[in-house]
Amino acid sequence: MDKQFEVLPEGKKVYFASDFHLGTLPKDDSLEREKKIIRWLSSVEKDAAAIFLLGDIFDFWFEYKRAIPKGFIRLQGKFADLVDKGIPLIFFTGNHDLWMFDYFTSELGIPVHRKPKAYKIQGSTFLIGHGDGLGPGDHFYKFLKKIFENKIAQWCFRWVHPDLGMKLAHSWSRGSRISNDAKGNEFKGDNEWLWQFCKDCEKASHHDYYIFGHRHLPLDLEVGTKSRYINLGEWVNYSHYAVFDGKTTTLTTFKD
């Protein structure tokens, strides 16, 4: 269990957000969302001990050896500003940006994690991750994820010219479920597979909080009697984030 943030300085908090999906079309909407996210980061930096970003920050991301996707320069500048101010940022890859490799680590000193990771913060235990491929079902995606994480498949895609690769990615994004979430992303009750994953984890090892993204629906649910599952929603239709103040974790909305 990572104890990097085991003790919070007085008055400091830990923030969690996910699923910005920057790069979705239309371009102007993505740009306005990027600016809004920067305003949120500016609003929390005054008391942030750490900021966790739990995947799908970009709707598509692929790092070539000597190139990264065009755009998002304002957000990257804000990331650099936060790190330079001594505020740790921690990334988790999602299913849309799982081809994030070492760019943010080597350029900005931001660690990138690919699997859920346990933390102990101010006496509370957290299991944190994006959430894709966890829990029962969704076998087709789990199969695809193995292909996408295969180094040979990544090497092959690297030989696709970036102009063509990005065009293919944006074509795929138009059909992404993020575009349809506002039309009806309903709570599935006992069939919430990430909630079930948390319940199964709790049987094996206790965590006070399970914090994930990916589901695109803001959720705050009990896991047993002493644990909670918090899903962070997304920033295309919502603007939710979670904050831990050293005593409790609250799911809230950024009011610009």
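The basis for the numbers below is simple: all heavy atoms, side chains too, and nothing from hydrogens, waters or symmetry mates.
Under the salt bridge (Lys or Arg N to Asp or Glu O under 4.0 Å) criterion, the residue pairs touching residues 242-256 are Arg39-Asp256, with sequence neighbours excluded. The salt bridge (Lys or Arg N to Asp or Glu O under 4.0 Å) contacts involving residues 46-55 comprise Lys13-Asp47, where partners must be two or more places apart or lie in separate chains. Within the structure, salt bridge (Lys or Arg N to Asp or Glu O under 4.0 Å) pairs that include any residue of residues 81-94 comprise Glu45-Lys85, Lys78-Asp81, Asp81-Lys85 (at least two apart or interchain). Each salt bridge (Lys or Arg N to Asp or Glu O under 4.0 Å) pair with one or both residues in residues 88-112, not counting sequence neighbours, would appear here, but there are none.
Residue Tyr209 is found in a hydrophobic cluster whose other members, listed by chain and number, are Phe5, Leu8, Val14, Phe16, Phe52, Leu54, Ile90, Phe92, Tyr119, Ile121, Phe126, Ile128, Ile211, Ile230, Leu232, Phe244, Leu251; membership requires side-chain heavy atoms under 4.5 Å apart, directly or through intermediates.
Going from atom OH of Tyr15 over to atom CG of Leu41 covers 11.0 Å, rounded to the nearest 0.5 Å. In this structure, the separation between CD on Gln76 and CZ on Phe104 is 4.5 Å, given to the nearest 0.5 Å.
In terms of the side chain to side chain contact (heavy atoms under 4.5 Å, CB included) criterion, residue partners of Val83 (sequence neighbours excluded) are, by chain and number, Leu89, Ile110. Partners of Ser239 under the side-chain hydrogen bond (donor to acceptor under 3.5 Å, both in side chains) rule, at least two apart in sequence or in another chain, are Lys36. Residues satisfying the salt bridge (Lys or Arg N to Asp or Glu O under 4.0 Å) criterion with Arg33, sequence neighbours excluded, are absent altogether. Here Thr250 pairs with Val243, Thr248 under the side chain to side chain contact (heavy atoms under 4.5 Å, CB included) rule; sequence neighbours left out. Annotation: side-chain hydrogen bond (donor to acceptor under 3.5 Å, both in side chains) contacts of Ser43 (sequence neighbours excluded): none. Scanning for side chain to side chain contact (heavy atoms under 4.5 Å, CB included) contacts around Leu31 gives Glu34, Lys35, Arg74, with sequence neighbours left out. Contacts of Ala118 classified as side chain to side chain contact (heavy atoms under 4.5 Å, CB included), with partners at least two apart in sequence or in another chain: Met1, Leu127, His207.
Of the possible polar contacts, none joining the Glu202 side chain to the Ser227 backbone as a donor-acceptor pair under 3.5 Å is found. The closest donor-acceptor contact from the side chain of Arg215 to the backbone of Trp193 lies at 3.5 Å or more, if one exists at all.
Ring geometry for Trp99 against Phe60 counts as perpendicular: the plane angle is over 60°, on a 0 to 90° scale with 30° as the lower cut. Between Trp61 and Phe72, the angle of the ring planes lies from 30° to 60°, which puts this pair in the tilted group.
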